[in-house]
Amino acid sequence: MAKSRYESAKEIYASFGVDTEKAIETLGNTKISMHCWQGDDINGFESNDALSGGIQATGNYPGKARTPEELMSDIDMALKLIPGTHKINLHAIYAITDEKVSRDKLKPEHFQKWIDFAKKRGLGIDVNPTLFSHPMAADGLTLSHPDEKIRRFWIDHCKAMREIGAYIGKELGVTCLNNIWIPDGYKEVPADRLGPRMRLKESLDEILSVKYDKKYLVDSVESKVFGIGVESYTVGSHEFYMNYAAKNGVMCLLDNGHFHPTEVCSDKIPSMLLFSENLALHITRGVRWDSDHVVAFEDELKEMAKELVRCDALERTFIGLDFFDASINRVAAWVIGTRNLQKALLFALLTPFGTLKECQDKGDFTKMFALSEELKTLPLFDVWEEFCNRNNVPGKNDWFEEILKYEKDILSSRG
Ligand code: RNT
Ligand code: ZN
């Protein structure tokens, strides 16, 4: 009988010293946190007010989710086409409440429907306080606001979300990551760079002073270089949070859209891992700016995946996605972006790092280069298809047929 494509791919990789079975197994155990906000352009269920806070979703592709039921149905559809069992990432504005609940008054019960949803499917949940798209953040300042009353509101909101996260982690038996990102900054060169950062530091100190079992809740802080309307100064810069995280035992979250366009996160990963136990990531794709394009299978993504694998860091990294494209089918966006990240991880898992490192240390850069280039055209596709088959998820273009059907049957009927 002729060998299957996978069998011959397995032999080819073995000739490079790579075990495809091990790669498939590791990839199957790697959880990705799929962000709910791709499904509705970060609208949430509070109101239909415009998105604000230095971020923007552009496009008006029909069929966006308008209710919790629609969003859950769309997430289900996406997860059917994504191999493995993962986590979903929720923002505070996705609370499901009968009446309007102020963000500083949110309680675990307002996430009960999500907990039930996740339990049924064996998913984990991550949470985020929402410090944007709100009248109290109208001037773009939250935890660093000079007005104590406004700071108080946002501190209380962050505390509420941590309590919710800890509850969720316990209920699901999967550690919940609470990630804090704030839009705070100034359009013009500020007169005082230190004051806002001192206030942010104090706010964070209070928020994080409540201790939870790390089995249930862990925290991260997310930096940014700039945002729309805050081009000159960002309070929560990388240096601010990297130092804050190191000193306070929380995680630094690297969003690869949040640095200068020629800076790369792949290079930051090993340095972060050398000094902290855990790392959190938002995987996105910036095109010329923090544009949050859907993750594509491109070089920097592969390079980040390679760092996670060769630093043996998959188990200590919280890998989340963060993109929002409203110009294409949103369910397809989730599937394309998530599968691309998984493909990049598989590509990394199929790399003979031992041999490559040996070349580097011996100074044999010719062989290192030659081998790296050969690896790029090995039959990744066949191993990926095998991974999809074993996880009962369609491979090749079959998944896209399912998207078209869902669009025709479900999405097209939404007004
Ligand atoms: C914004 C940050 C942040 C948000 C989400 C919605 O620049 O990347 O992570 O995108 O929390
Ligand atoms: Zn982010």
Side-chain angles (χ1 to χ4, degrees), residues 37 42 44 46 51-55 89-93 95 101-106 126-166 177-187 190-212 217-255 258 280 282 290 322:
W37 52 91
I42 331 183
E46 265 183 3
L51 177 64
S52 66
I55 49 177
N89 202 357
L90 302 176
H91 248 278
I93 48 172
V101 178
S102 176
R103 289 187 202 172
D104 57 338
K105 301 275 172 343
L106 283 167
D126 291 326
V127 296
N128 306 257
T130 310
L131 296 104
F132 51 83
S133 303
H134 193 278
M136 290 285 244
D139 56 4
L141 297 172
T142 61
L143 293 178
S144 77
H145 207 291
D147 181 340
E148 137 88 56
K149 276 205 291 303
I150 295 184
R151 275 202 319 276
R152 170 60 33 214
F153 175 80
W154 291 114
I155 291 170
D156 289 344
H157 172 51
C158 290
K159 283 181 154 174
M161 288 313 290
R162 291 186 73 231
E163 189 189 328
I164 290 163
L177 170 70
N178 169 61
N179 174 54
I180 300 177
W181 173 74
I182 62 165
D184 302 33
Y186 292 103
K187 186 178 180 74
D192 175 15
R193 288 191 165 91
L194 182 62
R197 289 189 176 134
M198 275 166 57
R199 293 192 289 271
L200 173 56
K201 180 176 174 294
E202 271 172 30
S203 298
L204 290 172
D205 286 347
E206 182 181 337
I207 292 163
L208 298 166
S209 68
V210 186
K211 299 294 171 207
Y212 293 98
L217 181 80
V218 290
D219 298 274
S220 61
V221 283
E222 178 181 8
S223 69
K224 191 162 174 172
V225 70
F226 85 101
I228 308 171
V230 289
E231 291 86 357
S232 299
Y233 168 78
T234 306
V235 184
S237 62
H238 181 54
E239 291 70 18
F240 175 90
Y241 282 129
M242 195 167 79
N243 282 301
Y244 189 89
K247 255 203 141 150
N248 295 282
V250 293
M251 267 179 272
C252 201
L253 185 145
L254 302 177
D255 177 314
H258 288 191
H282 269 183
D290 177 36
D322 185 12

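In this structure, N248 contributes its side chain and V250 its backbone to no donor-acceptor pair below 3.5 Å. Between the side chain of H258 and the backbone N or O of D290, no donor-acceptor pair lies under 3.5 Å. Checked by atom type and distance alone, the side chain of S237 pairs as donor or acceptor with a backbone atom of F240 at under 3.5 Å. Within the 3.5 Å criterion, the main-chain N or O of G236 finds no donor-acceptor partner in the side chain of S223. Distance alone, capped at 3.5 Å, is enough to place a donor-acceptor pair between the H134 side chain and the M136 backbone. Counting only distance, with no hydrogens or angles, the side chain of S220 and the backbone of C252 share no donor-acceptor pair below 3.5 Å.
Listed by chain and residue number, K159, R162, Y212 satisfy the side-chain contact (heavy atoms from CB on, under 4.5 Å) test with V210 (two or more places apart in sequence, or in another chain). Every residue two or more places apart in sequence or in another chain that forms a salt bridge (Lys or Arg N to Asp or Glu O under 4.0 Å) with D126 is listed here: K87. When the salt bridge (Lys or Arg N to Asp or Glu O under 4.0 Å) test is applied to D205, the partners found at least two apart in sequence or on another chain are K201.
Of the options V221, D219, L177, a side-chain contact (heavy atoms from CB on, under 4.5 Å) to M251 is made by L177 and by none of the others. C158 pairs with exactly one of L204, L143, N178 by the side-chain contact (heavy atoms from CB on, under 4.5 Å) rule, that one being L143.
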Side chain to side chain contact (heavy atoms under 4.5 Å, CB included) between K224 and D255: does it pass, once the steps are laid out?
CA-CA 8 Å; K224 191 162 174 172; D255 177 314; over 6 Å; no
From CA spacing to verdict: side chain to side chain contact (heavy atoms under 4.5 Å, CB included), R197, Y233:
CA-CA 11 Å; R197 289 189 176 134; Y233 168 78; 3.3 Å; yes
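In summary, the side chains of W37 and D322 do present a donor paired with an acceptor at a separation below 3.5 Å, with no hydrogens or angles considered.
What you find for I42 and F132 is that their closest heavy atoms are CG2-CE1, 3.9 Å. Pairing each heavy atom of A137 with each of T142, the nearest pair is CB-CG2, 3.8 Å. Closest approach of S144 to D184, counting heavy atoms only: OG-OD2, 2.8 Å. Scanning all heavy atoms of the two residues, the minimum distance from N128 to M161 falls at O-CE, 3.9 Å. Across all their heavy atoms, L131 and I180 have their closest contact at CD1-CG2, 4.5 Å. Residues A95 and L106 come closest through the heavy atom pair CB-CD2, 3.7 Å.
D156 contributes atom CG, which lies 7.0 Å from atom NZ of K105 (distance to the nearest 0.5 angstrom). How far OG of S203 is from CE of M198: 11.5 Å, rounded to the nearest 0.5 Å. Note that the CH2 atom of W181 and the CG atom of L253 stand 12.0 Å from one another [nearest 0.5 Å]. In this structure, the separation between OH on Y244 and CG on L200 is 8.0 Å, given to the nearest 0.5 Å. In this structure, OH on Y241 lies 13.0 Å from CG on L254, to the nearest 0.5 angstrom.
When ring centroids are compared, H145 and F153 stay outside the 6.0 Å threshold.
For the pair E202 and R151, the salt-bridge criterion is not met [side-chain N within less than 4.0 Å of a carboxylate O]. By the 4.0 Å N-to-carboxylate-O rule, E148 lies too far from R199 to be salt-bridged with it.
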